[in-house]
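Reading through the structure tokens given below for one structure.
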Amino acid sequence: ADQCDNSVTAYTVTYGSDPFSVIICICDNAVLDFATMAQKFGKVPYKVRATPVLSITAASVGKGGGAFTVGDRIVFFDVGEKTEVFVHESAHVFDASTLSFTQEWHNDIDADTCVPDGYAQTNAVEDFAQVLVTWTYYVVSGNINNAPSCMQHQLNYLSEVLS
């Protein structure tokens, strides 16, 4: 955990009967505690969470808007307790710049008339992560049929990929 100023404590976490675990690192000066990190990461959709992640780290400083992903490492440093940031950053590891680079994903973006927000307009990679956040919200709330129809192609793509 090179994002830590001093010492770090590492935990190996397994969720329920998941056949995999994740390493959660907590810097001694972290903005998030272990319980929060474990609880929020547990809300990431199963198939996304099952993607091999080397580690997720709670730090006190970093670049970006509160979290960032480099390869299979995710660092959170100023996200409060926003579950959507955990889903968004985990989406980058799940995607690994492969799914968001497919012609099918780009066709689905073109076929739709909207994306989730301004950040999703940055590029197809950020759109993928933000659509996954949107998809997660509607699936968890049991309202996937009420999701915005203007991004239905993108949501359907994720439904297929995550089924």
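Predicted model, so just to flag it, every value in this text is computed and none were measured. Quick note: numbers below take in every heavy atom, side chains included, and nothing from hydrogens, waters or symmetry partners.
For the pair Pro148 and Leu155, the tightest heavy-atom approach, listed with the atom from each and the gap, is O-CD1, 4.0 Å.
Judged as a side chain to side chain contact (heavy atoms under 4.5 Å, CB included), and not counting sequence neighbours, the contacts of Glu104 are Thr102, Asp108, Tyr157, Glu160. In terms of the side chain to side chain contact (heavy atoms under 4.5 Å, CB included) criterion, residue partners of Ala124 (sequence neighbours excluded) are, by chain and number, Trp105, His106, Ile109. Legend: residues meeting side chain to side chain contact (heavy atoms under 4.5 Å, CB included) with Asp110, ordered by chain and number and at least two apart, are absent. Here Asn143 pairs with Tyr138, Ser141, Asn146 under the side chain to side chain contact (heavy atoms under 4.5 Å, CB included) rule; sequence neighbours left out. Residues satisfying the side-chain hydrogen bond (donor to acceptor under 3.5 Å, both in side chains) criterion with Thr69, sequence neighbours excluded, are Glu89. Residues passing the ring pair (Phe, Tyr, Trp, His ring centres under 6.0 Å) test with His92 are His88, sequence neighbours excluded. The side-chain hydrogen bond (donor to acceptor under 3.5 Å, both in side chains) check on Thr113 picks up nothing, with sequence neighbours excluded.
Considering Val133, Thr51, Val48 as possible partners of Ser90, the one that fulfils the side-chain contact (heavy atoms from CB on, under 4.5 Å) test is Val48.
The other members of the hydrophobic cluster of Val125, by chain and number, are Phe101 (side-chain heavy atoms under 4.5 Å, ILVMFWY only). Taking Ile, Leu, Val, Met, Phe, Trp and Tyr as members and joining any whose side-chain heavy atoms lie under 4.5 Å apart, directly or through other members, Val140 forms no hydrophobic cluster with any other residue.
Within the structure, the disulfide bond (SG atoms under 2.5 Å apart) test picks out the following pairs touching residues 115-163 (sequence neighbours left out): Cys114-Cys150. Legend: salt bridge (charged side-chain N to carboxylate O under 4.0 Å, His left out) pairs involving residues 129-153, not counting sequence neighbours: none detected.
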Could you tabulate the donor-acceptor pairs under 3.5 Å formed by side-chain atoms of residues 12-25, not counting sequence neighbours?
from	atom 1	to	atom 2	distance (Å)
Tyr15	OH	Ala38	O	2.7
Asp18	OD2	Arg49	NE	3.4
Asp18	OD2	Arg49	NH2	2.8

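Counted within 6.0 Å of CZ on Phe34, heavy atoms from surrounding residues, nucleotides or ligands total more than 12; the atom is thus considered enclosed.
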